Each structure stands twice: as structure tokens, then as C-alpha cells.
Amino acid sequence: MADYRTIKAQPLTNVVRAIVKAGGSTDREAELVSTNLVEANLRGHDSHGVGMIPRYVQSVTTGGLAVNQHVKIVLDTGPLLTLDGLTGYGQVIGHEAMELAAERAKRNGVCLVGLSNSHHIGRIGHWAEQCIDHGLVSIHFVNVISRPIVAPWGGNDARHGTNPFCVGIPRRGKDPIVLDFATSRIAQGKTRVAHNKGVELEPGTIIDNEGKPTVNPRYTVIPPHGAILPFGEHKGSGLALVCEILGGALSGGQVVKGPSDGKYNVLNGMLSIVIDPNKLGTGDNLASEVESFVAWHTGSPPAPGIDKVKIAGDPERETRKKRLAEGIPVDPTTWQEILEAGTKFGLDQAAIEKIAG
């Protein structure tokens with residue numbers, strides 16, 4: 001960690017905000033993007049954090065990411081909502097989509113929302129947490145339109161994206177349950193982070209361009225490309241298939257049909273089911289039964305080397321508390337990429353360094 005710099009959350013947010021604003025975004029857009037990315041870092045998901053800014057800048061400059069877009073309502077029946085992200089910043093499109101869905105779910109009891117053509121929508125748990133803030137349960141299926149990076153179970157090359165799955169469940173007066181994972185063994189961004197750090201991946205995580213096992217993350221970052229393997233063998237691969245079809249096709253968007261077209265962008269489709277437990281008439285039952293099971297679940301004696309049994313969302317909350325206090329570690333390669341990204345929008349590197357403190 002000696003080569004790392006540690007930056008507090010607020011200065012790092014200010015850096016990202018300044019870069020996004022320099023790219024032509026409004027104050028609101030810059031605020032949503034910067035706080036979302038830094039929040040991912042705070043929760044330990046550096047793959048979805050500020051290291052994405054160089055990719056976003058590249059996408060803006062090549063036309064794959066349109067600034068200052070707002071979600072377009074294609075269909076709205078109340079319980080059913082179809083939305084188009086118009087290739088806008090996913091941090092804006094996702095926020096607006098979930099606000100629309102939450103309002104309709106509270107009015108009708110449920111909202112099923114299909115969102116297509118959003119630029120990189122970031123950490124999906126962020127959207128579950130937004131629904132939780134409204135007291136709502138949510139389920140999310142997501143696909144990725146970009147260079148295929150994950151091999152299907154039994155396959156020897158990449159055929160789809162990391163296709164996340166997420167569920168958020170509120171608890172009364174307690175930390176919520178937030179299950180959020182890629183259907184690949186590791187998120188694509190985590191392989192980028194490993195490559196930037198110069199560290200190997202765990203065995204059984206990726207294959208090289210010939211389909212052979214490797215621990216070198218370069219095969220997911222620079223050509224010739226290999227592929228990440230699915231988590232849970234056929235089970236993870238099956239869930240990835242479902243996420244592709246529900247998140248990509250049922251949402252009104254597109255699915256991966258072949259190799260990348262070479263454009264430097266990432267589009268996400270997301271199918272979300274947002275439920276108001278009180279409208280369902282089971283709010284009190286959910287609240288009491290959740291606590292009963294969480295107590296039983298976490299009461300299991302810890303295995304050797306484990307401090308305690310946790311629920312989904314606990315590790316992120318623990319990391320957030322630590323990083324708010326100590327700062328966010330940023331590796332030298334990622335920081336240099338961020339500095340260079342700022343210069344593409346006309347920001348002097350010294351000015352960015354000053355903002356970061």
C-alpha cells in the first residue's frame with residue numbers, strides 16, 4: 001500500500017465533480033455522478049468507483065455517452081413503466097428511473113420498470129438502497145452491452161457481460177439487506193483494479209485468449225482478450241442468461257449479439273420490480289419475520305477464521321465506516337488515469353491535485 005495515496009471522500013468527490021462539470025454536465029449531473037462513484041469506493045467496490053471516470057471521459061469524447069440527458073418515459077400505466085436512458089450518465093438515469101418507480105410503487109403497490117440504453121449504471125446496490133430509502137423492496141436484473149467479457153459455463157470465450165443481480169429489503173430501524181453481485185466470478189472493474197495494482201487474480205477466476213486458465217488480469221484489460229468465468233458454475237451462468245434476457249430484452253433494450261462494435265461505451269439495461277410491502281398488506285409481517293430470520297441466520301457459530309456471520313450489505317457498511325474515517329485508497333495507475341482524463345476536458349493536472357489536497 002506504500003505507493004497508494006489515500007484521499008478523503010469529500011475532496012475525491014470534488015475532483016470527480018470538477019472533471020464531470022468540465023465535460024459539459026450541469027451542476028446536478030456532476031453532483032449525482034461524483035457522489036455515486038465515491039459512494040462505491042466507500043463501500044469497497046473500487047471497480048465501480050472513481051476509476052470509471054477515465055472510461056466515462058473517453059465515452060463522452062467519442063460520442064458513446066451523452067451529457068445532460070434525462071430518462072425518457074416510453075410507456076407509463078402506473079404499475080408498468082418503460083424507460084429509455086438515451087445513453088445518458090447512468091448515475092442520473094438510474095436515479096430518475098428509481099424515483100419514478102418508487103412513486104408508482106407507493107401509489108399502486110408495485111411497479112415493474114424496464115430501463116434501456118442507460119450508459120454505465122454503476123453499482124446496482126445503489127438503486128436498491130434508493131428504493132429502501134422509500135421503504136420499498138426491489139429486485140433488479142441487469143445486462144451489459146459492451147465488449148463481451150464473461151464466458152458461459154462450458155464455453156471457451158467471452159459471450160456476455162458481468163450481468164449483475166440485486167435485491168434490496170428494508171428493515172425497520174436496522175441496516176437493510178442489500179444483495180448485489182455480478183454473475184461472473186469477479187466484476188470486470190475488479191480485474192481492471194488488479195491490473196492497475198499489478199497483482200494476480202485468484203486461480204479459477206479467468207481464462208486467457210486460448211481458453212486456458214490464467215491468473216494474469218491483463219487478459220480482461222488489454223488484447224488479446226480472454227474471459228472471466230461465471231460464478232457458481234452452471235448456476236451463475238444460468239442467472240447471467242436470465243439477466244441478459246430480462247434486463248436486455250424485456251426491458252425494451254438490446255442483448256449481446258456478437259463481438260464488440262469497437263465503440264468505447266458501456267450500455268446497461270435493467271428490469272426492476274419495486275414492491276411496497278404495506279400496499280401488499282404484509283409490511284408488518286415482513287418486518288417481524290425478517291428480524292426472526294436474521295437473528296437465526298446470524299446466530300450460527302462462526303467458522304474458524306470468521307469473526308461473525310453477516311448479512312448481505314454488512315461488509316460494505318463496515319468498509320464505508322472505515323474509509324470515511326481513514327480515506328479512500330487510490331492506486332498510482334488509477335490516479336494518473338484520472339489526472340489524464342481531466343486534461344481531456346481542459347483541466348490542468350496541477351489544478352486537480354490541488355482539489356484533491
Side-chain angles (χ1 to χ4, degrees), residues 32 35-36 39-40 43 45 48 71 73 75-83 85 90-116 118 120-144 162-183 239-240 242-248 250-253 268-287 289-291 293-294 311-317:
L32 285 172
T35 54
N36 175 286
E39 187 64 34
R43 292 181 183 266
H45 293 286
H48 292 66
V71 75
I73 297 176
L75 178 142
D76 181 6
T77 70
L80 297 171
L81 197 56
T82 309
L83 306 172
Q91 289 76 11
V92 174
I93 300 302
H95 176 80
E96 293 179 351
M98 290 304 100
E99 284 302 296
L100 290 170
E103 191 278 325
R104 284 150 183 76
K106 286 188 278 191
R107 190 195 327 151
N108 301 297
V110 66
C111 182
L112 191 149
V113 54
L115 171 65
S116 64
S118 170
H120 184 248
I121 208 165
R123 183 179 68 93
I124 309 307
H126 193 94
W127 312 124
E129 288 156 5
Q130 187 177 337
C131 293
I132 285 165
D133 288 343
H134 287 283
L136 306 172
V137 172
S138 65
I139 306 164
H140 310 264
F141 303 87
V142 184
N143 88 317
V144 187
T162 53
N163 292 14
F165 173 75
C166 179
V167 179
I169 303 171
R171 294 166 68 198
R172 291 180 184 174
K174 301 278 184 69
D175 289 326
I177 296 166
V178 183
L179 177 71
D180 175 20
F181 57 78
T183 49
L239 185 54
V242 167
C243 286
E244 186 71 36
I245 294 166
L246 298 185
L250 187 59
S251 69
N268 286 127
M270 181 167 72
L271 185 80
S272 302
I273 305 164
V274 185
I275 303 162
D276 185 341
N278 294 321
K279 283 280 189 179
L280 190 61
T282 62
D284 291 339
N285 186 70
L286 173 70
E289 291 296 303
V290 163
E291 297 316 313
F293 184 71
V294 167
I311 62 168
D314 279 347
E316 287 84 356
R317 286 184 282 267

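Keep in mind that the numbers below use all heavy atoms, side chains included, and drop hydrogens, waters and symmetry copies. Worth saying up front: this structure is predicted, and the values here are computed from it rather than measured.
- Summarising the geometry, atom CD1 belonging to Ile139 is positioned 11.0 Å from atom CG belonging to Leu246; distances are rounded to the nearest 0.5 Å.
- Atom CG in Asn143 sits 8.5 Å away from atom SG in Cys243 (nearest 0.5 Å).
- Heavy atoms only, all atoms of each residue included: Asn108 and Gly78 are closest at ND2-C, 3.4 Å.
- Side-chain N/O atoms of His134 and Glu103 include no donor and acceptor closer than 3.5 Å.
- Counting only distance, with no hydrogens or angles, the side chain of Gln130 and the backbone of Met98 share no donor-acceptor pair below 3.5 Å.
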Notebook entry, point to check: Should Leu280 and Leu286 be marked as a side chain to side chain contact (heavy atoms under 4.5 Å, CB included) after you check the CA-CA gap, both sets of side-chain angles, and the distance that decides it?
Noted result: CA-CA 10 Å; Leu280 190 61; Leu286 173 70; over 6 Å; no
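- Closest non-hydrogen pair, Ile132 versus Ile169, comes out as CD1-N, 3.8 Å.
- Annotation: side chain of Ile93 is not in contact with side chain of Asn268 (no heavy-atom distance under 4.5 Å).
- Of the charged side-chain nitrogens involved, none lies within less than 4.0 Å of a carboxylate oxygen, so that Arg123 and Glu316 do not count as a salt-bridged pair.
- To the nearest 0.5 Å, atom CG of residue Leu271 and atom CD1 of residue Ile245 are 12.0 Å apart.
- Under the side chain to side chain contact (heavy atoms under 4.5 Å, CB included) criterion, Asn36 pairs with Gln91, His126, Trp127, sequence neighbours left out.
- A donor-acceptor contact shorter than 3.5 Å is absent between the side chain of Thr162 and the backbone of Ala182.
- Counting only distance, with no hydrogens or angles, the side chain of Ser138 and the backbone of Ile273 share no donor-acceptor pair below 3.5 Å.
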